[in-house]
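Everything on this sheet refers to the single structure shown next.
The structure presented is a predicted model; accordingly, all values stated were derived computationally and were not measured.
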Amino acid sequence: MLQKTDHRLWMFLFCCLFAFTTQAQNEISMPYSSYGIGMVNRSSNGILDAMGGVSYGMQNPYYINFRNPASYAAFDSLSFIADVSASVYSSLLKQRRLSQKNSYAKPGYITIGLPVTRHWRTSVGILPFSDIGYSIDNSEVIDNIGSVNYVYSGKGGVNQLYWGNAFKICKGLSIGLNVSYLFGSVYAYSNTEFEGSNLFNTYINDAYFVDGIYYDVGIQYMFNAGEKHRIGLGAVYSNTAYIWAKEKLLVNSYSGTFVSTTLYDTVLYKDDLRGNLNIPQSIGAGLSYTYNNKLTIAADVTWRNWEKFQFMKPSNDTTINSITSSLGLQFIPDPMSNKFFKKMAFRVGGKYSTGELLLRNKPISEFGVCIGVGVPLTTFNTHSSINIMFEYGKVGTLTNELVLQNYFRFSLCFTLQERWYQRVKLD
């Protein structure tokens with residue numbers, strides 16, 4: 001019988017197109033992304049995100065766990081795996097008596113994984129490392145000048161293109177390394193407009209461009225504790241990275257309003273300001289327990305040394321060391337059943353981060369809970385799936401006139417598993 005794979009590849013390419021066109025169609029809205037390089041991405045793949053983002057002790061032959069490169073060692077020797085995801089957000093921003101609703105979508109990741117030799121597996125992919133998107137308005141009255149309006153906005157982010165390799169050392173023990181190329185651009189805009197004054201208004205366009213290398217080293221040990229019990233231990237270390245950065249600064253003065261501007265003069269232009277982006281080291285560890293391939297429980301803890309963060313030059317932004325913890329559960333009624341509903345995966349999880357920002361003596365913490373379901377695609381094969389997740393979370397606080405962001409996230413992930421290095425058979 002001749003295997004037909006065209007329809008599978010077309011579906012995968014469609015999901016890739018959907019994932020990477022969402023960013024062009026939507027502006028993200030996260031007020032705390034105005035600091036540093038934005039909100040750092042802590043997400044795992046679409047399956048593990050529904051379990052709170054646990055990853056360090058998780059290993060599976062049929063999905064790509066890019067948060068611990070040692071997990072690639074579990075890839076099946078005859079399989080090719082591809083994974084793509086995208087998310088839609090709905091958020092409510094609150095500050096005192098003010099509130100604002102926003103909706104936006106953004107791409108998740110595209111990854112592939114495959115075997116190389118008996119003891120060597122590899123994976124490549126691209127995903128966001130950080131995201132920036134905000135717009136903040138403020139005004140005040142200054143003596144002898146009058147009303148002054150300030151508008152701050154930003155967009156952009158840093159992307160991560162990785163190549164990972166894992167090696168089986170002995171039964172159950174594997175090590176792995178992700179070598180990542182970080183690249184991207186960060187744009188910060190600000191307008192200062194004077195109402196009822198002869199003063200000229202000011203527009204500042206501050207753009208940063210970054211690129212450099214980043215490493216993640218992982219280790220996992222998986223072992224059976226009886227016939228139906230399996231335990232996984234894992235850890236990941238990320239190095240302190242010194243990324244090249246370049247700044248372009250443009251300052252203009254103008255009359256009128258910014259939407260209807262009469263340009264007056266270029267006050268300052270510099271296009272060769274160079275510096276470094278210092279991304280601090282982090283270390284994380286986790287464990288997982290699986291019973292009879294049906295029930296999986298996992299937990300992770302991560303420490304990040306954000307006190308050492310620096311972007312181009314010292315700033316007034318206060319960063320602090322953060323701790324992130326995750327807990328998740330997955331249940332499959334009967335993985336070996338031929339019945340569709342008994343092979344579905346049901347997931348639930350939660351996560352909490354103390355946050356890396358300290359503003360007005362308050363840490364900007366984050367909390368989230370999520371549920372998800374994995375739907376097997378029996379028209380493909382027994383290991384391809386569509387994974388759906390719903391998450392509710394909070395970022396920030398209302399204390400000291402800060403901003404509280406409540407958000408809902410809907411995520412869709414498509415995992416494709418295909419036979420690899422296998423001759424086509426004809427009947």
Side-chain angles (χ1 to χ4, degrees), residues 3-20 22 41 43-55 58-69 71-88 107-115 121-128 162 164 166 288 290 293 296 298 328-332 335-336 340-349 370-391 409-420 422:
Q3 289 186 329
K4 296 182 179 180
T5 61
D6 287 351
H7 63 293
R8 308 173 193 182
L9 296 177
W10 277 112
M11 179 176 286
F12 178 71
L13 291 174
F14 172 79
C15 291
C16 293
L17 181 64
F18 166 73
F20 279 83
T22 50
N41 176 32
S43 296
S44 302
N45 67 30
I47 294 173
L48 299 178
D49 266 359
M51 300 174 64
V54 293
S55 57
M58 298 292 288
Q59 188 181 95
N60 192 286
Y62 306 113
Y63 63 69
I64 302 170
N65 175 13
F66 47 79
R67 290 303 178 194
N68 189 340
S71 67
Y72 308 149
F75 293 165
D76 183 75
S77 61
L78 297 176
S79 294
F80 165 88
I81 308 170
D83 198 351
V84 60
S85 80
S87 298
V88 177
Y109 57 83
I110 292 179
T111 59
I112 61 173
L114 63 153
R121 305 290 188 267
T122 192
S123 174
V124 295
I126 185 169
L127 60 147
Y162 79 87
S288 64
T290 301
N293 293 323
T296 299
L329 179 147
Q330 174 181 267
F331 177 70
I332 304 175
M336 304 304 295
F340 177 81
F341 290 103
K342 288 189 175 182
K343 294 181 65 173
M344 293 179 64
F346 301 92
R347 307 177 180 113
V348 62
C370 38
I371 59 173
V373 61
V375 181
L377 297 177
T378 55
T379 56
F380 284 53
N381 54 51
T382 57
H383 302 296
S384 294
S385 62
I386 290 180
N387 301 280
I388 301 169
M389 184 199 72
F390 295 91
E391 179 184 358
R409 172 190 174 193
F410 168 75
S411 177
L412 182 66
C413 156
F414 174 58
T415 301
L416 172 68
Q417 184 263 342
E418 280 285 352
R419 286 297 180 184
W420 192 252
Q422 191 173 28

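Looking at every heavy atom in both residues, Ala166 comes nearest to Pro69 through CB-O, 3.3 Å. In this structure, Gly52 and Cys370 approach most closely via the heavy-atom pair N-SG, 3.6 Å. Between Cys413 and Gly46, the shortest heavy-atom contact is CB-CA, 3.8 Å. Annotation for Phe66 and Asn45: closest pair CZ-N, 3.8 Å, computed over non-hydrogen atoms. In plain terms, the two heavy atoms of Gly108 and Pro128 that are nearest each other are O-CD, 2.7 Å. Across all their heavy atoms, Arg121 and Ala73 have their closest contact at CG-CA, 3.8 Å.
Between the CD1 atom of Ile386 and the OG atom of Ser85 there is a distance of 13.0 Å, given to the nearest 0.5 Å. One distance of note links CD of Gln417 with OH of Tyr62; it measures 6.0 Å at 0.5 Å rounding. In this structure, the separation between NE2 on His383 and NZ on Lys343 is 7.5 Å, given to the nearest 0.5 Å. Interatomic distance, Leu416 CG to Asp83 CG, rounded to the nearest 0.5 Å: 9.5 Å.
Partners of Pro61 according to the side-chain contact (heavy atoms from CB on, under 4.5 Å) rule, which considers only residues two or more places apart in sequence or in another chain, do not exist here. For Thr122, the side chain to side chain donor-acceptor pair (under 3.5 Å) test picks out Trp163, Asn165, with sequence neighbours left out. Listed by chain and residue number, Phe390 satisfy the ring-ring contact (aromatic ring centres under 6.0 Å, His included) test with Phe410 (two or more places apart in sequence, or in another chain). Evaluation of the side chain to side chain donor-acceptor pair (under 3.5 Å) rule for Asn41 yields Ser43 as partners, not counting sequence neighbours. Annotation: ring-ring contact (aromatic ring centres under 6.0 Å, His included) contacts of Phe75 (sequence neighbours excluded): Tyr72. Every residue two or more places apart in sequence or in another chain that forms a side-chain contact (heavy atoms from CB on, under 4.5 Å) with Phe340 is listed here: Met344, Val375, Pro376, Thr378. Scored by the ring-ring contact (aromatic ring centres under 6.0 Å, His included) test, Tyr162 finds no partners at all (sequence neighbours excluded). Qualifying side-chain contact (heavy atoms from CB on, under 4.5 Å) partners for Ser55, counting only residues two or more places apart in sequence or in other chains: Ser44, Leu48, Asn65, Arg67, Asp300. Qualifying side chain to side chain donor-acceptor pair (under 3.5 Å) partners for Asn387, counting only residues two or more places apart in sequence or in other chains: Arg347, Ser385.
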Steps toward side chain to side chain contact (heavy atoms under 4.5 Å, CB included) verdict (Tyr109, Ile126): CA-CA 6 Å; Tyr109 57 83; Ile126 185 169; over 6 Å; no
Residues Met58, Tyr63; criterion side chain to side chain contact (heavy atoms under 4.5 Å, CB included); working and verdict: CA-CA 10 Å; Met58 298 292 288; Tyr63 63 69; 3.7 Å; yes
Side chain to side chain contact (heavy atoms under 4.5 Å, CB included) evaluation trace for Gln330 with Ile47: CA-CA 10 Å; Gln330 174 181 267; Ile47 294 173; 4.2 Å; yes
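Side-chain atoms of Ser411 do not come within 3.5 Å of backbone N or O of Met389 as any donor-acceptor pair. Using a distance-only test at 3.5 Å, with no hydrogens or angles considered, no donor-acceptor pair links the side chain of Ser79 to the main chain of Asp76.
When side chains are defined from C-beta on, Ile81 counts as touching Thr415, because their heavy atoms get closer than 4.5 Å. A 4.5 Å side-chain heavy-atom check between Leu412 and Ile388 finds at least one atom pair inside the cut-off. The closest side-chain heavy-atom distance from Leu377 to Phe414 is below 4.5 Å.
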